[in-house]
Chemist: 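I am attaching a structure below and will ask some questions about it afterwards.
Numbered from 1 within each chain, the chains take letters A, B, ... in sequence-line order.
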Amino acid sequence: MNVFAIVKRQVDAAVAALIAEGKLPSGLDLARVAAEPPRESAHGDVTTNAAMVLAKPVGKSPRDLALLLVDKLKAAPDVVDATIAGPGFINLRLTDRVWLDVLRTVLGTGTAYGNATIGGGERINVEYVSANPTGPMHVGHARGAVVGDALARLLAKAGFAVTKEYYINDAGGQVDNVARALRMRYLQAIGRITEADVQGALERKEIQYGGAYLIPVAEALAARDGSKWAEVNDDAVWIPALREFIVAWMMKLVKEDLAALGVSHNIFVSEKALVDAGKVDAALAFLTEAGLTYTGILEPPKGKTPDDWEPRPQLLFKATQFGDEVDRPLKKSDGSWTYFAGDIAYHKDKVDRGFTDLVNVWGADHGGYVKRVQAALKALTAGKGQLDVQLCQMVRVLNNGEPVKMSKRAGTFVTMRDLIDEVGKDVVRFIMLTRKNDAPLDFDYAKVMEKSRDNPVFYVQYAHARGRSVFRHAAEMFPAADLSDKGLASADLNLLNDPDELAVMRTLAAWPRTIEGAALAHEPHRVAFYLSDLAAQFHGLWNKGNDTVALRFLQAENHALSLARLALVRGVGVVIASGLAVFGVEPVEEMR
RNA sequence: GACCCCGUAGCUCAACUGGAUAGAGCAUCAGCCUUCUAAGCUGAGGGUUGCAGGUUCGAGUCCUGCCGGGGUCGCCA
């Protein structure tokens with residue numbers, strides 16, 4: 001039940017009736033007609049822009065058209081009043097019964113309340129994390145993981161058939177580099193070289209990865225294979241072997257870290273598997289057949305020519321035909337594929353698996369890469385495929401305002417594990433969703449654990465816990481009462497006539513459209529703001545009870561009123577739980 | 001030099017994809033309070049939405065140009 005969707009249909013019906021009466025021309029486009037909560041609650045319960053949007057196509061002034069519509073809308077079910085305001089808004093007031101019905105619906109549907117059908121069961125692919133298997137995941141990955149996972153849950157709640165996907169970059173030069181670094185640590189593990197040798201190699205940039213996290217990997221390799229790799233000097237032999245070892249190890253760690261964060265993917269796609277299966281060649285052949293590749297020489301970037309720049313002919317993709325700035329290279333000068341070539345094959349693979357609606361969650365440092373992948377997808381799907389890229393900005397980790405730079409484990413950056421160990425997965429998840437992903441985020445260990453109004457995790461969880469507390473008291477006060485959702489739904493809700501109580505129900509009524517809006521915009525953070533609003537309203541009711549005994553939820557001498565208010569308390573709890581479920585956060589029963 | 005993101009109250013951020021008088025919290029100021037779970041409550045002040053144009057019934061939101069901050073820029077992924 002979505003009150004605003006129902007009103008929208010009533011508005012559409014009013015327009016249709018006027019058309020049938022010959023007062024309006026037929027064939028009007030109602031797509032831009034909206035039924036929304038007004039910004040000011042004093043303006044009514046629902047507002048529609050119909051008169052303003054349709055004024056021009058029907059050739060009437062907004063006010064004249066509004067007069068016609070108001071006439072019809074006043075007769076619509078549950079409409080108490082319809083008035084014209086401002087430049088042509090039509091404000092509707094609905095009967096209280098509508099809001100009581102909303103509450104009954106919440107109690108009847110539980111946390112499934114808010115589930116929407118706008119997705120229509122359409123398949124959508126959300127790819128996120130996709131961290132290189134070269135080291136432990138850091139805070140940036142944590143943000144991407146949480147944003148992607150919450151977005152996937154949000155889309156599922158909105159009725160999409162979601163596939164959560166992770167792309168393993170296990171084929172490029174970086175995994176070879178980490179294999180080289182592993183060999184150094186391995187030689188150290190079997191006593192051939194010292195720590196100083198490893199550090200020296202790092203300083204001379206002979207290896208790029210040297211973190212202590214490689215030591216246990218090297219020891220495990222030594223335990224399995226003894227000293228055999230010390231004797232093998234043919235790169236073509238030992239690199240693939242060590243690479244395979246480190247990738248398997250790191251992916252195991254990645255999956256463990258993600259599990260600790262409550263994140264799980266449906267499918268992991270290996271870049272190397274795509275390469276080995278010939279899919280890069282096939283994808284590029286596809287583009288070449290379509291006449292979209294050529295060999296050419298790129299201009300150096302203006303204003304910043306690399307020192308070692310020299311013009312070279314390269315195989316290029318005609319990205320400019322699809323909105324990119326320049327054509328993009330597919331082959332390196334040594335003849336091997338670029339990362340982009342592999343990514344084209346990967347996105348073609350997604351398309352071949354039946355996806356046309358794609359979302360990728362990336363770090364903001366990949367922003368310059370968005371257009372070319374979108375261009376490639378258009379080329380691969382004749383324009384049918386849609387790729388939305390959500391870029392996550394930096395996370396600054398702080399403790400009481402002081403930057404936290406060093407990880408306990410990795411030494412150079414704060415790892416995902418550090419975060420989880422410090423504050424717990426639910427706090428990490430919630431806080432990561434309190435900003436839109438393209439805005440930088442401060443993550444302050446002290447602040448996110450603070451028990452205060454300022455801390456949205458605490459504030460929302462506390463509202464839920466307070467609600468549960470009321471129920472524990474209620475069970476003692478009314479031992480014989482049926483406090484189940486079903487029992488509460490049959491309480492006499494007409495007793496809920498306090499304006500603040502009705503205001504809470506209006507907020508509950510806005511939950512389904514919050515889900516729809518957030519899902520369509522791919523913006524899970526909106527749920528966090530909704531939950532904070534709902535929690536604030538609930539705490540407001542609570543505080544009024546502190547001041548005025550008659551406004552407390554539980555009235556020992558008034559069974560019926562207590563049950564009605566318990567229904568409302570429960571309704572708030574259900575919607576908070578429904579929202580936290582989108583975030584993958586557990587609602588708490590009590591706070592101690 | 002080019003491209004992408006950001007710029008809203010002293011601070012941290014909203015604003016439901018173009019709607020009405022731009023909203024919260026913190027901080028400040030003025031009162032109140034000791035609890036159905038304590039981690040408080042009520043009210044007040046605070047704005048040329050970086051600047052300048054444009055589009056239209058209507059712009060924080062869309063377009064153009066500046067200013068400021070961040071990111072990226074063939075053979076990394």
Chemist: What N/O pairs connect the protein and nucleotides 56-66 of chain B at under 3.5 Å? Give each pair on its own line.
Modeler:
residue	atom	partner	partner atom	Å
C57(B)	OP1	Lys56(A)	NZ	2.8

Chemist: By the salt bridge (Lys or Arg N to Asp or Glu O under 4.0 Å) test, which pairs, at least two apart or in different chains, include something from residues 132-141 of chain A?
Modeler: none
Chemist: Considering heavy-atom distances to RNA chain B, does Met394(A) or Glu589(A) have its closest nucleotide positioned more toward the 5' end?
Modeler: Glu589(A)
Chemist: Can you name the atoms? Protein N/O to nucleotides 11-13 of chain B N/O, anything below 3.5 Å, with the distance.
Modeler:
residue	atom	partner	partner atom	Å
U12(B)	O2'	Arg435(A)	NH2	3.0
C13(B)	OP1	Arg435(A)	NE	3.4

Chemist: Can you pull out the residues from residues 509-525 of chain A that lie within a 4.0 Å heavy-atom distance of RNA chain B?
Modeler: Arg513(A), Leu520(A), Ala521(A), His525(A)
Chemist: Can you confirm whether or not the ring centre of Tyr459(A) sits under 6.0 Å from the ring centre of Phe430(A)?
Modeler: no
Chemist: Side-chain donor-acceptor pairs under 3.5 Å in residues 338-349 of chain A, sequence neighbours left out?
Modeler:
residue	atom	partner	partner atom	Å
Thr338(A)	OG1	Pro329(A)	O	3.1
Thr338(A)	OG1	Leu330(A)	O	3.2
Thr338(A)	OG1	Phe340(A)	N	3.4
Thr338(A)	OG1	Ala341(A)	N	3.2
Tyr339(A)	OH	Asn169(A)	ND2	3.1
Asp343(A)	OD2	Tyr369(A)	OH	3.3
Tyr346(A)	OH	Glu165(A)	OE2	2.8
His347(A)	ND1	Asp343(A)	O	2.9
His347(A)	NE2	Asn360(A)	ND2	3.0
Lys348(A)	NZ	Asp352(A)	OD2	3.2
Asp349(A)	OD1	Lys279(A)	NZ	3.0
Asp349(A)	OD2	Arg353(A)	NE	3.0
Asp349(A)	OD2	Arg353(A)	NH2	3.1

Chemist: Quick one: side chains of residues 466-477 of chain A, donor-acceptor pairs under 3.5 Å with protein atoms, not counting sequence neighbours, listed by atom name and distance.
Modeler:
residue	atom	partner	partner atom	Å
Arg466(A)	NE	Tyr462(A)	OH	3.3
Arg466(A)	NH1	His539(A)	ND1	3.0
Arg466(A)	NH2	Tyr462(A)	OH	3.3
Arg468(A)	NE	Glu589(A)	OE1	3.1
Arg472(A)	NH1	Glu589(A)	O	3.2

Chemist: Sequence neighbours excluded, which residues qualify as ring-ring contact (aromatic ring centres under 6.0 Å, His included) partners of Tyr128(A)?
Modeler: His265(A)
Chemist: Side chain of Tyr462(A): nearest nucleotide among A77(B), A39(B), A20(B)?
Modeler: A39(B)
Chemist: Please compare Lys331(A) and Asp533(A) by the position of their nearest nucleotide in RNA chain B and report the one closer to 5'.
Modeler: Asp533(A)
Chemist: Could you list the residues that satisfy side chain to side chain contact (heavy atoms under 4.5 Å, CB included) with Ser270(A), not counting sequence neighbours?
Modeler: Asp170(A), Lys272(A), Ala273(A)
Chemist: Please list, chain by chain and in numerical order, all residues satisfying side chain to side chain contact (heavy atoms under 4.5 Å, CB included) with Pro311(A), sequence neighbours excluded.
Modeler: Ile297(A), Trp309(A)
Chemist: Nearest-Å distance, CG (Leu315(A)) to P (C75(B))?
Modeler: 14 Å
Chemist: By a strict heavy-atom criterion of less than 4.0 Å, which residues belonging to residues 562-571 of chain A are in contact with RNA chain B?
Modeler: none
Chemist: Cut-off 3.5 Å, no hydrogens considered: what does the side-chain donor-acceptor table look like for residues 59-67 of chain A, sequence neighbours left out?
Modeler:
residue	atom	partner	partner atom	Å
Ser61(A)	OG	Asp64(A)	N	3.1
Ser61(A)	OG	Asp64(A)	OD2	3.3

Chemist: Side-chain polar contacts of residues 31-45 of chain A - donor-acceptor pairs under 3.5 angstrom, sequence neighbours left out - could you list them?
Modeler:
residue	atom	partner	partner atom	Å
Asp45(A)	OD1	Arg506(A)	NE	2.7
Asp45(A)	OD1	Arg506(A)	NH2	3.0
Asp45(A)	OD2	Leu94(A)	N	2.8

